[in-house]
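Just the heavy atoms: all of them, side chains too, but no hydrogens, waters or symmetry mates, feed the values below.
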Amino acid sequence: MAVYTQLSHNDIVTFLTDYNVGELVSFKGIAEGVSNTNYLLSLPPLPQGERGLDRTTTNYILTIFEENFNAADLPFFMNLTEHLADKGIVCPRPIKNKNGKVV
């Protein structure tokens, strides 16, 4: 199992207050993975037409980079995935917090 850091509903709700993504609908740990903790978060749907889809929820992945990860490398990976997503490559796009930061 790859959920090393256990989060409660309240932990995630508190974390999400720094983001403009709406209120948590549900969450579950993702067992796949090797070194980081990942959660699947379901949040209210994106505004209609934003992605051309009508959904009852929008899913996000919350990744917790564990102790064996070099924090100095994180900005590189966040900038890389944002750049790739901007170029149309299908990959996770980092979500900026209310202060415009991805980390």
Side-chain angles (χ1 to χ4, degrees):
M1 182 166 165
V3 178
Y4 304 106
T5 301
Q6 298 291 323
L7 297 179
S8 69
H9 183 272
N10 287 339
D11 293 332
I12 296 173
V13 166
T14 299
F15 175 77
L16 291 177
T17 61
D18 289 337
Y19 295 84
N20 290 317
V21 293
E23 294 184 25
L24 182 65
V25 174
S26 66
F27 74 98
K28 69 177 181 173
I30 300 172
E32 292 80 10
V34 178
S35 61
N36 298 318
T37 295
N38 293 294
Y39 284 91
L40 175 65
L41 308 182
S42 293
L43 301 161
L46 293 170
Q48 187 173 5
E50 185 167 323
R51 289 194 181 171
L53 302 171
D54 293 327
R55 296 183 175 166
T56 57
T57 60
T58 299
N59 293 325
Y60 294 87
I61 302 297
L62 170 62
T63 298
I64 300 170
F65 294 93
E66 300 293 347
E67 292 179 21
N68 60 347
F69 189 82
N70 184 349
D73 293 337
L74 199 52
F76 169 79
F77 289 109
M78 295 297 102
N79 290 332
L80 175 62
T81 56
E82 187 170 40
H83 172 77
L84 293 173
D86 286 346
K87 297 298 182 185
I89 305 294
V90 178
C91 67
R93 175 185 294 279
I95 304 297
K96 293 180 181 175
N97 65 17
K98 291 177 180 176
N99 295 321
K101 307 277 184 189
V102 295
V103 177

**Message:** Run the side-chain hydrogen bond (donor to acceptor under 3.5 Å, both in side chains) test against Asp86 and tell me which residues pass, sequence neighbours left out.
**Reply:** Arg93
**Request:** Apply side-chain contact (heavy atoms from CB on, under 4.5 Å) to Asn20 and list each qualifying residue two or more places apart in sequence or on a separate chain.
**Result:** Lys98
**Message:** Run Leu62 and Phe27 through side-chain contact (heavy atoms from CB on, under 4.5 Å) and show every step you take.
**Reply:** CA-CA 10 Å; Leu62 170 62; Phe27 74 98; over 6 Å; no
**Request:** Output all residues satisfying side-chain contact (heavy atoms from CB on, under 4.5 Å) with Ser42, sequence neighbours left out; order by chain, then residue number.
**Result:** Val25, Ser26, Thr57, Asn59
**Request:** With sequence neighbours excluded, tell me which residues meet side-chain contact (heavy atoms from CB on, under 4.5 Å) with Lys101.
**Result:** Asn97, Asn99
Enumerate donor-acceptor pairs with a distance under 3.5 Å from any side-chain N or O in residues 77-85 to protein atoms, sequence neighbours excluded.
residue, atom, partner, partner atom, Å
Asn79, ND2, Pro75, O, 3.1
Thr81, OG1, Phe77, O, 3.1
Thr81, OG1, Met78, O, 3.1

**Request:** Could you tell me which non-hydrogen atom of Pro44 sits nearest to which non-hydrogen atom of Glu23, and how far apart they are?
**Result:** CD-O, 2.9 Å
**Complete:** All heavy atoms of Val3 vs all of Gly29, minimum pair found to be CG2-CA, 3.7 Å
**Request:** Taking side-chain hydrogen bond (donor to acceptor under 3.5 Å, both in side chains) as the test, write out the residues that go with Thr63, two or more places apart.
**Result:** Asn38
**Complete:** Residues passing the side-chain contact (heavy atoms from CB on, under 4.5 Å) test with Val21, sequence neighbours excluded, are Leu16, Tyr19, Leu43, Tyr60, Ile95
**Item:** Close side-chain approach of Asn36 and Ile64, heavy atoms under 4.5 Å
**Value:** no
**Complete:** Residues passing the side-chain hydrogen bond (donor to acceptor under 3.5 Å, both in side chains) test with Thr17, sequence neighbours excluded, are none
**Item:** Side chain Tyr39, main chain Leu7, donor-acceptor under 3.5 Å
**Value:** yes
**Prompt:** What pairs meet the salt bridge (Lys or Arg N to Asp or Glu O under 4.0 Å) rule with one or both residues in residues 9-18, with sequence neighbours excluded?
**Reply:** none
